[in-house]
Amino acid sequence: MTTTELAVPLFDLRLTDADLDAVARALRAGELGSGPLVETFEERFASHLGARHAVAVSSCTAALHLAHLTAGVGPGDEVIVPSITFAATANAALYCGATPVFADIVGPADPQIDPDQVERLVGPRTRAVCAVHFAGYPAAVDRLRSVCDRRGIALIEDTAHAPLADLEGQALGTFGLAGAFSFFSNKVLSCGEGGLLCTDDDEVARRARTLRAAPGDGGTFDYGFDGPRAALLASRLDGLAADVAARRALVHRYRAALARIDGVSVPFRDADVDHSSCYVMPVLVDDPARRGPLRRALRDRHGIQTSLLYPSIHEFTAFRARYGEQHLPRSRDWSDREVTLPLYPHLTEEQQDRVVEAVTEELDA
Ligand SMILES: *Cc1c(COP(=O)(O)O)cnc(C)c1O
């Protein structure tokens, strides 16, 4: 089925006329590269986070790479990462010549990196911990920061899912040495391709700014950003609070409806929703054997697109071949049972009801 035939896509992007005008103005002004539009966006993003510095870069992968480099991660080091994430989280360690060491999640109701296991995994070669705020909900970065501070290692936050999310009022991305945001098309705040490193550390920001420039420009990586995308993000930042509020309202509504269905459970707690950016809507089927048939039936019979976030990456051939088998039963269980349901700010209640009814019908069958 093509996306045009879908009754409810997994994700849908809607830009306003104001967004399009902002990009047109940047193009008319000829600001195709770095310049004041990029700087203005960086200042606004930093101030909305309450961080000292924001450095816009070409992707979140680039931001994670710079975060690891400026944290001093290098060959022979280890970086502790979760397995329920996008491969870029672990690849950042690889780019620096370091080895990712995978920690399990807390459990099915809290699919975030387990701080107790992280503490046990810290060893003489550990240089950093990279926590992911999965689905936009806070990982235990308060506890992870105290583990990292005690051991003298860096905490890096992969905040690809989590703009405008917080842990007890403090913005995610501001707990560790650096945070790395993604502005990829399907993320909560998107411009196509883009990312950003935030930090309170003047030296980390200075080094990240130097490294992001192209080799001919005194830099190393050519990870820079440009005016039209910065203008689009600045315009979309105006609507971010409303977008996240709409996502939260839809998630509360999903949770109430899904709680009544047998055979499926919903992670996180109701009280967590209003601290999350609600990037995606994950649910767990009780019986892993029903996951594949359910996803196929939703697609073929109901026109509803779903996804799987994530297949546990410690089992990817690329990591297994290099670092051997690791036993992470809770991550494995999650990746066997998870289904990601459609969610975006302008998803209608009718579409949402259709998703809930289709899941009910297929699980009853
Ligand atoms: C999308 C994503 C990234 C990478 O973002 P890019 O901007 O595409 O490089 C990193 N980590 C997580 C958890 C992601 O979801």
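We use all heavy atoms of the structure for the numbers below, so side chains are in, but hydrogens, waters and symmetry mates are not. Whatever order the structure lists them in is the order used to number ligands and atoms, beginning at 1.
By the 30° and 60° cut-offs, the orientation of the rings of Phe319 relative to Phe316 is parallel.
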Check ligand 1 against the protein and report each N/O to N/O distance under 3.5 Å, formatted as atom name, atom name, distance.
| residue | atom | partner | partner atom | Å |
| --- | --- | --- | --- | --- |
| ligand 1 | 5 (O) | Ser182 | OG | 3.3 |
| ligand 1 | 7 (O) | Cys60 | N | 2.9 |
| ligand 1 | 7 (O) | Ser182 | OG | 2.8 |
| ligand 1 | 9 (O) | Cys60 | N | 3.3 |
| ligand 1 | 9 (O) | Thr61 | N | 2.9 |
| ligand 1 | 9 (O) | Thr61 | OG1 | 2.6 |
| ligand 1 | 11 (N) | Asp158 | OD1 | 3.3 |
| ligand 1 | 11 (N) | Asp158 | OD2 | 2.8 |
| ligand 1 | 15 (O) | His161 | NE2 | 2.7 |
| ligand 1 | 15 (O) | Lys187 | NZ | 3.1 |
| ligand 1 | 15 (O) | Tyr310 | OH | 3.2 |

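When ring centroids are compared, Phe221 and His65 come within the 6.0 Å threshold.
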Going by atom type alone, with no hydrogens or angles, which donor-acceptor pairs under 3.5 Å involve a side-chain atom of residues 148-155 and a protein atom two or more places apart or on another chain?
| residue | atom | partner | partner atom | Å |
| --- | --- | --- | --- | --- |
| Arg150 | NH2 | Glu119 | OE1 | 3.3 |
| Arg150 | NH2 | Glu119 | OE2 | 2.5 |

Check: residues 173-183 side-chain donor-acceptor pairs under 3.5 Å, at least two apart:
| residue | atom | partner | partner atom | Å |
| --- | --- | --- | --- | --- |
| Thr174 | OG1 | Gln170 | NE2 | 3.2 |
| Thr174 | OG1 | Ala171 | O | 2.6 |
| Ser182 | OG | Phe184 | N | 3.2 |

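Under the ring-ring contact (aromatic ring centres under 6.0 Å, His included) criterion, Tyr137 pairs with Phe268, not counting sequence neighbours.
Between Asp353 and Arg253 a salt bridge is recorded (basic side-chain N to carboxylate O distance below 4.0 Å).
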